[in-house]
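Atoms within a ligand are numbered from 1 in the order they appear, just like the ligands themselves. Just so it is clear, the values below take in all heavy atoms, side chains as well, and ignore hydrogens, waters and symmetry mates.
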Amino acid sequence: MSYTAHIDTFARDNLPPRDRWPELRFTLPELQYPARLNCVTHFLDRWIEEGRGDAPCLIGPAETLTYAQLQEQVNRIANVLVGTLGLVPGGRVLLRSANNPTWVAVFLAVLKAGGVVVATMPLLRAREIAYPLNKAKVTLALCDSRLAAELEKARPLAPDLKRVVYWGDGPPDGLEALMVDVSPEFEAVDTAAEDVCLIAFTSGTTGEPKGTMHFHRDLLATCDSYGRHVLRASPDDRFIGSPPLAFTFGLGGLALFPMHVGAATVLLERATPDELLPAIAKHRASVCFTAPTAYRAMLAKLGEHDVSSLRKCVSAGEALPKATFEAWHEATGLKLMDGIGATEMLHIFIAAREDEIRPGATGKPVPGYEAKVIGEDGRDLPPGSVGRLAVRGPTGCRYLADERQRKYVQDGWNVTGDTYRLDEDGYFWYQARSDDMIISAGYNIAGPEVEAALLSHPAVAECGVVGAPCPERGMIVKAYVVLAAGERPGPEMAKALQDHVKQEIAPYKYPRAIEFVSELPKTQTGKLQRFALRQMAQAASSAPAAA
Ligand code: 3UK
């Protein structure tokens with residue numbers, strides 16, 4: 001066995017066997033890493049050593065932290081984790097909060113102490129929080145006190161969770177109180193480049209979310225590939241955006257990329273398009289990360305805000321429609337930078353720098369990555385054909401104890417589940433998701449999970465949930481519902497079912513459209529035909545609106 005700093009070896013023990021990993025390739029000089037590294041040294045400690053400790057780092061709702069101030073907080077939290085809370089290298093820590101400076105400080109502290117962060121989306125409900133707690137065998141949670149209710153509800157469902165420390169409203173045993181009496185110094189644990197430091201959960205198409213495991217090296221590799229070669233930010237930049245830090249799109253765009261170049265980042269707890277625009281103006285932000293639907297929504301209100309500070313706008317999470325690219329260019333003079341990323345890959349692997357963008361295409365493989373289009377049989381397809389996207393590079397998929405590893409990684413390549421076309425010039429053109437995932441306003445939503453929530457309502461006999469096309473959100477969640485005998489269809493029933501789903505699972509997953517039907521299309525073996533439902537949804541949305 002190679003070197004590890006982990007004393008608790010759960011994460012390492014539950015990596016897939018090495019022969020099922022994707023081939024990891026380090027083809028650029030900047031992707032050559034030593035066998036031991038703690039990425040926090042590069043993201044944080046380096047800047048203080050280089051005399052740049054007074055540069056602004058995190059701009060939050062209440063406070064701005066310089067790199068030196070953040071380092072002190074990180075060190076104190078790391079001392080609390082190790083000294084007071086008994087974290088050992090390799091131990092998993094659940095992190096739960098909206099985007100704010102404390103999220104970043106706790107994240108870096110866990111990594112500096114050799115621990116593993118398990119991040120959860122702030123909107124998740126108790127059952128959805130319990131799943132990663134149990135799957136990753138988490139014993140310790142750090143949580144914003146404003147999100148205490150659902151975590152407390154999750155506790156009886158997650159027996160391994162022994163201790164929860166809250167921050168925010170100053171309880172006597174809260175994080176702030178524990179930080180007072182500890183040292184502001186902490187030496188980074190000498191982790192291996194391949195020690196796991198992050199388990200990020202994806203929402204699966206069927207059933208359970210998948211835990212993707214990332215190493216210290218991966219967090220640097222995404223910065224040395226996409227960050228360095230495509231984004232090309234400078235220390236003077238101010239980053240801003242909407243994705244949760246618990247989603248790797250947000251982690252990279254709002255924490256890793258800025259800190260890798262010593263820039264500042266504005267962290268907004270709420271970042272709807274209506275909130276993002278004034279924040280860009282107020283903070284004179286220069287680099288923005290959000291979903292294509294948010295750019296589309298902001299377009300209508302651009303005139304009311306001064307966004308002249310913007311220099312680079314990154315769009316990811318779902319395909320960027322050419323019309324949105326063109327309208328944004330028209331309105332701001334800026335070219336939206338589309339990029340496809342995935343939780344499994346950590347961040348973006350196909351994109352284009354501004355001067356190489358071809359509107360409508362996602363781009364070319366990010367330096368350090370290779371991509372190709374393959375057929376159903378796994379063989380390479382020539383340019384022009386439509387097929388399955390396969391990629392490889394310095395990062396790649398390693399699921400936590402999950403058989404679906406065999407599906408995502410084939411012949412050493414990551415097969416993302418997307419359908420693409422490669423053109424003669426090497427540009428990749430997105431076609432569709434190959435599977436059932438509904439991507440609505442940048443969120444991934446699994447139909448079966450919404451179905452399960454609907455079915456727990458007594459009035460629902462049967463249901464099927466698919467994505468229906470929507471100009472604003474890309475897709476909306478649409479439910480086809482067969483009611484139980486004696487129940488009356490209508491707007492009141494639809495509203496009751498929507499409210500019910502919002503109570504059961506994260507509210508953003510609720511079905512925005514509900515259609516009552518007398519039966520669902522089924523296969524001979526009794527299985528729901530999603531394909532047929534999608535066709536119905538498609539036909540309904542393209543039909544002229546009923547008078
Ligand atoms: C889809 C896109 C077309 C695609 C993500 C940037 O979205 C991210 O991660 P997820 O695991 O979903 C991955 C899937 O989302 N997708 C993402 N970006 C695009 N489709 N054009 C795009 N530009 O189906 C992909 O397989 O939620 C995005 C960085 C980090 C991320 N985790």
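- Nearest residue to atom 16 (N) of ligand 1 from Gly442, Gly317, Ala291, Gly339 is Gly317 (criterion: closest heavy atom).
- For the residues Phe289, Phe249, Tyr420, the heavy atom positioned nearest atom 30 (C) of ligand 1 is part of Phe249.
- Heavy-atom contacts from other residues, nucleotides or ligands closer than 6.0 Å to CZ of Arg270 number 12 or fewer.
- With Phe257 as the partner, the ring-ring contact (aromatic ring centres under 6.0 Å, His included) test is satisfied by one option alone out of Tyr226, Phe43, Phe239: Tyr226.
- Using a 4.0 Å heavy-atom cutoff, Leu346 is listed among the residues neighbouring ligand 1.
- Ring geometry for His347 against Phe249 counts as tilted: the plane angle lies between 30° and 60°, on a 0 to 90° scale.
- Below 4.0 Å from some heavy atom of Thr343 lie the following atoms of ligand 1, by number and element: 9 (O), 10 (P), 11 (O), 27 (O), 32 (N).
- Summarising the contacts of atom 31 (C) of ligand 1 with Ser315, Ala342, Ala316, Gly363, the nearest heavy atom is found in Ala342.
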*asked:* Determine whether Thr222 and Asp218 satisfy the following criterion, side chain to side chain contact (heavy atoms under 4.5 Å, CB included), listing intermediate values before the conclusion.
replied: CA-CA 6 Å; Thr222 188; Asp218 299 328; over 6 Å; no
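- Considering both main-chain and side-chain atoms, Phe247 never comes within under 3.5 Å of ligand 1 through any nitrogen or oxygen pair.
- An N or O contact shorter than 3.5 Å links Asp338 to ligand 1 by distance.
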*asked:* For Arg25 and Glu23: C-alpha separation, side-chain torsions, deciding distance, then whether salt bridge (charged side-chain N to carboxylate O under 4.0 Å, His left out) applies.
replied: CA-CA 6 Å; Arg25 296 167 64 90; Glu23 199 180 318; 3.0 Å; yes
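- Contacts between Asp418 and ligand 1, counted as non-hydrogen atom pairs separated by less than 4.0 Å, involve the side chain only.
- Residues Phe247 and Tyr443 place their aromatic rings such that the two centres sit no closer than 6.0 Å.
- Side-chain contact annotation: Asp224 with Tyr33, donor-acceptor N/O pair under 3.5 Å present.
- Near Thr416, the atoms of ligand 1 lying under 4.0 angstrom from a non-hydrogen atom of the residue are 26 (O).
- Geometrically, ligand 1 and His347 share no nitrogen or oxygen pair separated by less than 3.5 Å.
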*Check the pair Arg125 / Glu504 against salt bridge (charged side-chain N to carboxylate O under 4.0 Å, His left out), numbers first and verdict last.*
CA-CA 7 Å; Arg125 297 286 189 202; Glu504 289 290 303; over 6 Å; no
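- Some N or O of Thr248 is nearer than 3.5 Å to an N or O of ligand 1, by distance alone.
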